[in-house]
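Notes for the one structure printed next.
So that the names make sense, note that chain A is the first sequence line, chain B the second, and so on, each numbered from 1.
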Amino acid sequence: MSRVQNNISAKSIMVIVLIIAVLTILFYFGSQQRESQIDQYVLIHQKMETVVLLHSVQNEVLLQSYSSFSKHYDFLTKYSHQLNFAINDIEHNTKIKTELPLLLKRLKEQANDRQQQIERFKSSNAILQNSIQYLPTLFTRVLKMGLKRQDSNTILHLLNTVQSFYINPTDQEHQYANQIAKSLSTLNLLTGSSSLVGEIKLHSTLILKRKSKIYQLVKHYLEVPIQLNITAIMDELVRRTDQIRWELLVLQRILYALLVLLMLLVAYYIISLNRARVLAITNANLISNQQIELKSKEKLASIGEMASHVAHEINNPLSVIYLNLRAVKNQFASEKADIGKCSSKVEKIEDMSKRIGKIAKDLLAFSRDAARDPIEKVTVKQLVDDTLSICHEKFVNQGVNLTVGDYSTDLTIECRAIQISQILLNLFTNAYDAIEDLPTRWIRLEVEDEQEVIKFVVTDCGSGIPDEVAQKIFNPFFTTKVHGRGTGLGLSIINGIVEKHRGKFELDSKCQNTRFIVTIPKRHLATDEEQIDSKKMPS
Amino acid sequence: MSIRRSILIFIVSLLSASTFADNFLQEPIQLLVPATDLDQRKVILGDRLFHETKLSGDNTISCASCHSLATGGVDRLPFAKGIKGQVGNINTPTVFNSGKNFVQFWNGRAQNLEEQAAGPVHNPGEMGSNWLDVITKLEKDSAYLKQFKEIYNSGPTGEAIVDAIATFERSLVTLNSPFDQYLKGDKDAISPKAKKGYQHFKSLGCAACHQGQGVGGNLFQIFGVAKSLKDSKIKNPNDLGRYLHTNNEFDRYLFKVPMLRNVAVTAPYFHSGQVQTLEGAIRVMAEFQLGRQISDEEVEDIAAFLRSLTGEYKGERLK
């Protein structure tokens, strides 16, 4: 029962360990993901810092071009290109599903918007620069033409108006436009150099239009709320990074807790496994100790049983001896002692003494532990005879007909003779106990020679063993005998001995009567235990 | 971080410019500097691909067919010739210094050289091919396979091909022109006529557009600021310029301002290729862009200045 409980708790521990292991792995990957996200955010943050820098440089370079400080657009082109590249780089390499992509998309749109203003600025500014540079030349040419004072004043006033608009562009472009248009209409009246008038007209118009255009473009450029967006992105980055850092911290703590729990559980599992093993070993030891104890008890029981046989066996020859001794004594007492008669009596006494000696020897042999006996080659006949000599008397007296089938007398077997005798004796005793109450009682032993093995078949007149009992009879301590008669170890002792001889012990359920078959190999095959023992021997 | 460093250098140079009143930064035309950080293996591979006729559908023309490095990086024809004798409708821009252009093609429809390089390969009127065919042909050449494997760790791909070609093209910077030597401080590097021409170039307003390292190539401009192209002899189907690409009203007649580096060896001129001489081109510009009349002397001076912009390739002045 406790073993079953152990199994259940071991299983549930395994399941819990597995679940925690899976959780640990999940949390591990979760924290790994967070870490890579943080790396990503830090990288984006670095790139954004570059964007911020480039953005301010772009502003500055544009204003330098606007104020004619810079005479070329290489820097403007270069840094605008780098800014767009940096923004695209961030946008393409960001795989985070938050509102960040939206902000970045807006940033890109804003940058593109600003880029468009810059491109238009460059075009318009080039035209403006050309025309504004031409103004002094136009002044000179007008003066050189020798126009009427009033006309030249009109023209110079026109050019001055254009210049003042260039220097201080206002939203009142129309006012200037009107003024210039008025002046131009008076110029049309001049019949002088029409090409000069055309050029003045062209460049004045160009300056007016382009300057206000540029003014609008730069205003538009500066009013793109890119700075706000950049700040929003930086804030978002910091906020997200902080959030993920916090998540990571929590995840890592949980992960550590899980790991500790996992280790504790594994340790507990190992300890409990170990304890179960120790318990199993102790139990096994206990059982085997009990078995040993019971085995010897069984042996004692059979010795007790045998003692009565033996007493019987000894009593008979003893009374023969006694009777013969008295006859011899009487012969000696009479004066005409018949030597011939005496010697036959003495021979009988000798025979009987020998017989008693043999019985004593057999008893001695049986009572000691035969398990350590050496394997020896004996004839089957001797084995059978030895066994029968112990119990024959009892069976005869109780009216049990014990017969032995025919077999070759020179059949030999390598075994521990005492143990095989013990098997047969146990089987006979069992059979006897089973058939005790039957009207006709017989037990038959047959010895079958089958090439490599010898089969000892013990059949009695019983009507077999019911199936439900047959399943249990080989279990130790199982017995059907009346309380006190048997220990329930008989068959398991037989089993043990047969196993040591690498043989087979079975109940022949096909037979109508009760029949046990013991199969023992003719040549002894050493068991593992014996091999180990034999190796230990030299030391 | 190279960007940061260059920005820092820029800021420092601005400071020094204002402090020491260095004239150099005040000049609209800047010294031409070579491209840096180019992978020389790519340059070598790109050189071979640039001259590879397998890039065209019928194996007759290569990039170099129109952009011959021996003739100023152009074909010196009004319009480019494609496969099977097809004649295009726009003048070939030079490949020299093309890496310095802020966008590619006359109308700026390609953002960079990589985008540009793929264009003619697929144009049926030019090389009339596609990557699949080109790659199939290139894969038969073990030397190519080895080069691509070494550089890109793959076989030839469209991306790798244009990358190599673009890298090669970026290496085509024509340094050491007489004018650059003049900018560096060698006052006798250019003739007095050219010096006068440079002054005209600045004062007449040419330098409003043609400025920077490339003497142009860093902005768009309307062709016909002062006078419409409509009735001119340089009229061309492509006159609408960038508008044909963007359909944006603002882009009508808008073109990329071409660089004037090596302009003396890249006649005929303009997108229509209808002007044969440098002097003619200067006059067209004065009329349509500047809106002013200039004297023959000024034209000759400016032409002399423009001739001083011709640089060197592999140690030899372009011809």
**Q.** Engaged part of A:L202 at the chain B interface, taking heavy atoms whose separation is under 4.5 Å
**A.** side chain
**Q.** Nearest-0.5 Å distance, CG of residue A:L76 to CZ of residue B:F102
**A.** 10.5 Å
Q: Decide yes or no for B:Q30 and A:H72: does some side-chain heavy atom of the first lie under 4.5 Å from some side-chain heavy atom of the second?
A: yes
Q | Whether over 12 other heavy atoms sit under 6.0 Å from B:E159 CD | A | no
Q.
Using 0.5 Å steps for rounding, measure from the CG atom of A:N130 to the CD atom of B:Q221.
A. 9.0 Å
Q: Would you mind telling me which of A:R120, A:H203, A:H81 has the largest number of heavy-atom pairs within less than 4.5 Å of chain B?
A: A:R120
Report all side-chain donor-acceptor pairs from residues 284-291 of chain B shorter than 3.5 Å, counting only partners two or more places apart or in another chain.
from, atom 1, to, atom 2, distance (Å)
B:E287, OE2, B:K227, NZ, 2.3
B:Q289, OE1, B:G224, N, 2.6
B:Q289, OE1, B:V225, N, 3.4
B:Q289, NE2, B:I222, O, 2.8

Which side-chain N or O atoms in residues 224-233 of chain A pair as donor and acceptor under 3.5 Å with protein atoms at least two apart or in another chain?
from, atom 1, to, atom 2, distance (Å)
A:N229, ND2, A:L103, O, 3.2
A:N229, ND2, A:Q110, OE1, 3.0
A:T231, OG1, A:Q227, O, 2.7

Q. Which residues in residues 240-262 of chain B have any heavy atom lying under 4.5 Å from a heavy atom of chain A?
A. B:N248, B:F250, B:L254
Q: Please state whether the side chain, the backbone, both or neither of B:K202 comes within less than 4.5 Å of a heavy atom of chain A.
A: backbone
Q.
I need the minimum non-hydrogen distance between B:G212 and A:D74, along with the two atoms involved.
A. CA-OD2, 3.2 Å
Q) Which members of residues 104-112 of chain B, sorted by number, sit under 4.5 angstrom from chain A on a heavy-atom basis? A) none
**Q.** Heavy-atom pair of closest approach, residues A:E199 and B:Q293
**A.** OE2-N, 3.8 Å
Q: Enter the distance from B:N218:CG to A:K122:NZ here, rounded to the nearest 0.5 Å.
A: 5.5 Å
Q. Of the backbone (N, CA, C, O) and the side chain (C-beta and beyond), which part of A:S123 lies under 4.5 Å from a heavy atom of chain B, both, or neither?
A. both
**Q.** Neighbour count above 12 (heavy atom, 6.0 Å) for A:E109 CD
**A.** yes
Q) At what distance, to the nearest 0.5 angstrom, does OH of A:Y73 lie from SG of B:C209? A) 7.0 Å
